[in-house]
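The structure under discussion appears below in the form of structure tokens.
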Amino acid sequence: MSNLNKMKSILIEKTLKLDCGKEISNFPLAYETYGNLNEKKDNAILIFHALTGDQYASGINPITKKEGWWNYAVGPGKSFDTDKFFVICANVIGGCMGSYGPGTIDPLTNKPIGTNFPVITINDMVNAQYNLLDYFKIEKLFAVAGGSMGGMQVLQFVSNFPNKARVALPIACTASHSAQNIAFNELGRQAIMSDSNWKEGLYDEKSTNPDKGLAVARMAAHITYLSKQGLQEKFGRNLQERSDLKFGFDADFQIESYLRYQGSVFVDRFDANSYLYITRAMDYFDLTKQFNGNLSKAFKDTKTKFFIISFTSDWLYPTSENKDIVIALNAIGADVGFVEIKTDKGHDSFLLDVPDFLSTIKNYLNTTYSNINERRI
Amino acid sequence: MKEEFKVISKFIEEKSRVLDVGCGDGILIEYLKKNKVVDVRGLEISKEKVKKCLSKGLAVIEGDAENDLRQFPDLSFDYVILSQTLQAFMSPEKVIENLLRVGKKAIVTIPNFGHWKVRLDLLLKGEMPVTKNLPYQWYNTPNLHMCTIQDFYNFCNNKGINIYKTISLNGEKISNISNSNLKYKNLISELGIFLLEK
């Protein structure tokens, strides 16, 4: 992994007090940027990634050599137009792409920190990333945006820093992780932890990864990202390179083969312990509870313009949960737009080529950016 | 359309908070923003139209007035506008109640079913009227609850709703409606625009 050396990263020296009570300092936060920061420094967009994302939102990810996770949305002329905007994306703490996480080597033992890593929250992730504003000397971001866990970070960011972003785009997310979502995350964690290679989280990264457990976790999660209709249309009961059922437990069906493939490629790029920590952070996310049951209070005094998007076929973060955020914002008279995009691509829609979704964001950002500039003149 | 917007815009005091219910493509919102510095929000049921509004950076949320007005707190807007959509609701009565709960004042525009052309259609042809403002056939009309200016007057009186002002629109002609000319205006107006308060 020689590319790791070329990875951009800031060292956060000052102490960050985590929600669990522990304190961390002198830790790395890996990031990537796209486009250029203008002279006024008013064109920066901070994008937050989802569970298995990383800082490589656009172009080709130098580590995996695959397209960045939000390549449809981020780039020249795209929704987040990097000809116009300066896009910053960081790997969350707890992640495994250069930021401080369970895979970070502990200098005292010369081994990965593993499960000695503190349990982190969405709030901790956001507070760590806030340091990027200081690093780039950005007084106010033009926008914060993200889908799924990225959307949760958007909500937490605006709540923590009400005057630091002009626009907030929480996409396909929730203000309070549901029991169903906690259940799916627990299924994934159990798959990892019941792999004998996991070794209480102290596995040696080089030789004994809990690959099987992590692959099963990914397979289960992957189903939740798609819709029933989408799966049916794409795979149906099609057989995998065979004309008949084989009366065994090989992958007879295309959907089985597809999931196995998804599981197998995932283990090459993701750390099992990171998966545990990040899913835990999602489960602990309850912005409503942070404000004693009144979500509106999370956004009190904010001048930020919100644009909330959900997808018709997303049953993991359904429209109703996104609408709860809209309702909380309306209750305090915040500037909020909301649309549910029609698609059969499920929760994954925000990562895919959904033209309506991509064009609406693009127009919204471009118009809002020019309106803000007009008002200033 | 233009005249209707002009009238609505005149009703609204500057620096007001406004909600446009059934805002469509957001043309009234844009008109208001251009003419006064007002904080205007929109609620719209059609995804396509919401996307158009959002593309223009407008604060519009997807939703329908019969269910989604509930989420707005009491008196959270200075004015709530309902332009030519009252007749399409399952329960116009409840929508009006909610408009006057959410807004300090409500501006309601109705296509007038008492217009002489409408009356003539039914009288002479014995057919359901089809006009410029009501271009649908009886079997495909979204308009479930048509009413006349007189009907809406009566409704407000029965419900104890104050009518501050009523304007008649007939083509490009804008005129006031009062108790004394109501019968006549109900015959010649294509649209009635009401400024209401609970």
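A note on names: the letters A, B, ... follow the listed sequences, proteins ahead of strands, and every chain is numbered from 1.
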Nearest heavy atoms of A/Ala331 and B/Pro73, plus distance in Å: O-CG, 3.4 Å
Toward chain B, the part of A/Ala334 with a non-hydrogen atom under 4.5 Å: backbone
Part of A/Lys323 within contact of chain B (heavy atom distance under 4.5 Å): side chain
For chain B, the option from A/Ile361, A/Asp335, A/Asn366 that forms the most heavy-atom pairs under 4.5 Å: A/Asp335
Pairs of heavy atoms under 4.5 Å with chain B: top-ranked of A/Val167, A/Leu365, A/Val326: A/Val326
Does atom [atom1] of [X] have more than 12 heavy-atom neighbours from other groups under 6.0 Å away?
X        : atom1 : answer
B/Phe155 : CZ    : yes
B/Glu172 : CD    : no
A/Glu139 : CD    : no
B/Lys165 : NZ    : no
A/Asp83  : CG    : yes
A/Lys140 : NZ    : yes
A/Lys41  : NZ    : yes

CG-OG1 distance between B/Leu58 and A/Thr368, expressed to the nearest 0.5 angstrom: 9.0 Å
Atom pair CD1/NZ of A/Ile341 and B/Lys47 - distance to nearest 0.5 Å: 8.0 Å
Most contacts with chain A, counted as non-hydrogen pairs under 4.5 angstrom, among B/Ser76, B/Cys53, B/Ala59, B/Gly42: B/Ala59
Residues in residues 290-317 of chain A that sit under 4.5 Å from chain B, counting heavy atoms only: A/Lys305, A/Phe307, A/Thr312
For chain A, which residues of residues 60-72 of chain B have heavy atoms nearer than 4.5 angstrom: B/Val60, B/Ile61, B/Glu62, B/Asp68, B/Gln71, B/Phe72
Under 3.5 Å: donor-acceptor pair, side chain of A/Thr367, backbone of B/Ser55: yes
Residue part contacting chain A, namely of B/Glu44, when any heavy atom lies under 4.5 Å: neither
